[in-house]
Amino acid sequence: MALIQVTAIYPGTFDPMTVGHVDVAQRASKMFDDLIIGVAANPNKRPYFSLDERVAMAREILSDLPNVTVQPFDGLLVEFAAEVDANVIVRGLRAISDFEYEVQIAAVNRHLAASIETVFIAASQDYTFLSSSIVREIESHGGEYAEFVHPLVVDAFSLKRQAESS
Ligand code: COA
């Protein structure tokens, strides 16, 4: 039992959440007292799923993890972390190519808020190639992507495609 309560944030756009993200969230949930999945509005990325849809999917997908909650945020990550009293930011590292960028972002976040530590979790070797845009790319071309996401994400894509074509 830690002497202080450690609340961590795992941020991302999660457009959509993949099994790679779930793997990182599951492992982080065992390391910290509370884990908040911070779903970034991130309008610059022009997400395919709305913020509400991404939050709802993440809540459902991670509903079996009792110490995990899902919240949307807009603006700076460190400001959101301060709002929710989080002292740790969790980032998943898939490959060495993620490292340089992640270290840079961690340094920026430390500069902005020195009291918040960034902790890296090595993502599963099975999914080092995986990203949300890879999932969207395969889906948009009618390829098989179900193994990369929770079944409810497959349903969400189907519903959205039906709505687009009607
Ligand atoms: N499994 C599968 N995919 C993964 C992954 C994993 N373990 N880890 C990362 N990815 C994917 C992400 O889905 C994302 O895919 P995409 O580009 O196809 O959407 C890609 O790898 C890059 O990941 P990441 O850098 O985490 O991007 P993101 O868009 O998911 O999240 C934020 C970025 C939201 C954390 C970041 O933009 C942020 O903090 N924004 C707020 C503003 C701010 O404070 N910026 C920092 C200071 S300048």
Side-chain angles (χ1 to χ4, degrees), residues 7-32 35-55 57-59 61-62 65 68-141 143 145-150 152-154 156-157 160:
T7 299
I9 294 183
Y10 177 30
T13 310
F14 303 115
D15 183 37
M17 182 167 271
T18 70
V19 292
H21 295 128
V22 174
D23 168 59
V24 172
Q26 282 171 336
R27 281 191 281 140
S29 74
K30 292 182 195 140
M31 294 170 62
F32 304 105
L35 179 69
I36 297 168
I37 309 297
V39 182
N42 224 342
N44 293 345
K45 267 195 161 178
R46 301 173 57 88
Y48 177 68
F49 288 104
S50 71
L51 182 58
D52 285 350
E53 287 168 335
R54 287 178 280 134
V55 167
M57 284 192 280
R59 281 195 179 132
I61 292 167
L62 301 174
L65 299 175
V68 174
T69 53
V70 179
Q71 291 192 41
F73 78 97
D74 205 352
L76 283 178
L77 176 59
V78 290
E79 285 177 3
F80 175 59
E83 266 168 44
V84 295
D85 274 336
N87 19 34
V88 170
I89 294 169
V90 170
R91 299 288 290 161
L93 285 181
R94 289 163 298 173
I96 196 74
S97 50
D98 283 345
F99 186 76
E100 203 171 337
Y101 172 73
E102 290 298 338
V103 167
Q104 184 188 6
I105 295 297
V108 172
N109 285 333
R110 192 178 314 117
H111 185 79
L112 295 172
S115 62
I116 302 173
E117 284 297 337
T118 298
V119 169
F120 297 111
I121 291 186
S124 164
Q125 282 296 310
D126 298 340
Y127 301 113
T128 49
F129 58 88
L130 191 53
S131 71
S132 299
S133 39
I134 291 283
V135 167
R136 293 196 308 276
E137 176 81 2
I138 300 172
E139 189 276 341
S140 71
H141 293 289
Y145 68 96
E147 69 178 290
F148 304 135
V149 293
H150 189 282
L152 75 82
V153 174
V154 178
F157 269 116
K160 256 184 119 76

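When a residue number appears, it is its place in the shown sequence, counting from 1. Atoms within each ligand, like the ligands themselves, are counted from 1 in listed order. Below, all heavy atoms of this structure are taken into account, side chains as well, without hydrogens, waters or symmetry copies. The shown structure was predicted, so the numbers you read here are calculated from the model rather than taken from an experiment.
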Quick one: does any side-chain atom of [X] pair with a main-chain N or O of [Y] as donor and acceptor, under 3.5 Å?
{"X": "Arg54", "Y": "Asp15", "value": "no"}
{"X": "Arg27", "Y": "Ala122", "value": "yes"}
{"X": "Asn87", "Y": "Thr7", "value": "yes"}
{"X": "Arg94", "Y": "Leu130", "value": "yes"}
{"X": "Thr69", "Y": "Ile36", "value": "no"}
{"X": "His141", "Y": "Gly143", "value": "no"}

**Study point:** Backbone or side-chain N or O of Phe14 under 3.5 Å from ligand 1 N or O
**Key:**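 Phe14 vs ligand 1: no N/O contact under 3.5 Å.
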Check your understanding: Quick one: does Ala123 get an N or O within less than 3.5 Å of an N or O on ligand 1?
Key ->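 Among all N and O atoms of Ala123, none is under 3.5 Å from an N or O of ligand 1.
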Point to revise | Close side-chain approach of Ile116 to Asn109, heavy-atom, < 4.5 Å | key: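 Not touching, per the 4.5 Å side-chain cut-off.
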Atom of [X], atom of [Y] and distance for their closest heavy-atom approach:
{"X": "Val153", "Y": "Ile61", "result": "CG2-CD1, 3.8 Å"}
{"X": "Tyr145", "Y": "Ile138", "result": "CB-CG2, 4.0 Å"}
{"X": "Gly92", "Y": "Tyr10", "result": "N-CE1, 4.3 Å"}

Any idea which protein heavy atom is nearest [atom], and the distance to it?
{"atom": "atom 31 (O) of ligand 1", "value": "Gly12 CA, 3.5 Å"}
{"atom": "atom 42 (C) of ligand 1", "value": "Gly75 O, 3.5 Å"}
{"atom": "atom 18 (O) of ligand 1", "value": "Ser133 OG, 2.3 Å"}
{"atom": "atom 34 (C) of ligand 1", "value": "Ala40 CB, 3.4 Å"}
{"atom": "atom 36 (C) of ligand 1", "value": "Asn42 ND2, 4.9 Å"}
{"atom": "atom 4 (C) of ligand 1", "value": "His21 NE2, 3.4 Å"}
{"atom": "atom 8 (N) of ligand 1", "value": "Arg94 NE, 3.7 Å"}
{"atom": "atom 30 (O) of ligand 1", "value": "Thr13 N, 3.0 Å"}

I'd like to check [atom] in this structure: does the protein have a heavy atom lying under 4.0 Å from it?
{"atom": "atom 45 (N) of ligand 1", "answer": "no"}
{"atom": "atom 2 (C) of ligand 1", "answer": "yes"}
{"atom": "atom 38 (C) of ligand 1", "answer": "no"}
{"atom": "atom 24 (P) of ligand 1", "answer": "yes"}

Review point. Rounded to the nearest 0.5 Å, how far does OG1 of Thr13 lie from NE2 of His21?
Key: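 Spacing of NE2 (His21) from OG1 (Thr13) equals 8.0 Å.
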**Study point:** Nearest-0.5 Å distance that lies between atom CZ in Phe73 and atom CD1 in Ile37
**Key:**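 Here the interatomic distance stands at 11.5 Å.
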Run the numbers for me: atoms of ligand 1, each under 4.0 Å from some heavy atom of [X], listed by number.
{"X": "Leu76", "result": "43 (C), 44 (O)"}
{"X": "Ser132", "result": "13 (O), 15 (O), 18 (O), 19 (O)"}
{"X": "Asn109", "result": "46 (C), 47 (C)"}
{"X": "Val24", "result": "7 (N)"}

Check your understanding: Using 30° and 60° as the class limits, which term best fits the ring planes of Phe157 and Tyr48: parallel, tilted or perpendicular?
Key ->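 The rings of Phe157 and Tyr48 lie parallel, inter-plane angle below 30°.
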Check your understanding: Between Tyr127 and Phe148, what is the ring plane arrangement, given parallel below 30°, perpendicular above 60°, and tilted in between?
Key ->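 Plane angle over 60°, so perpendicular.
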Exercise for review: Check whether any heavy atom of Arg91 sits under 4.0 Å from an atom of ligand 1.
Suggested key: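 Contact check Arg91 vs ligand 1: positive.
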Exercise for review: Measure the distances from the heavy atoms of Asp15 to every atom of ligand 1 and state whether one is below 4.0 angstrom.
Suggested key: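 False for this residue.
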Check your understanding: Relative to ligand 1, is Val78 under 4.0 angstrom through side chain, backbone, both or neither, heavy atoms considered?
Key ->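 Neither; nothing of Val78 gets under 4.0 Å from ligand 1.
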Practice item. Measure Leu77 to ligand 1 on non-hydrogen atoms and call it side chain, backbone, both or neither using the 4.0 Å cut-off. Key: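 It is both parts that get close, each with some atom under 4.0 Å.
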Point to revise | Selection from Gln104, Lys45, Arg136 by shortest heavy-atom distance to atom 27 (O) of ligand 1 | key: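 Looking at heavy atoms only, Lys45 sits closest to atom 27 (O) of ligand 1.
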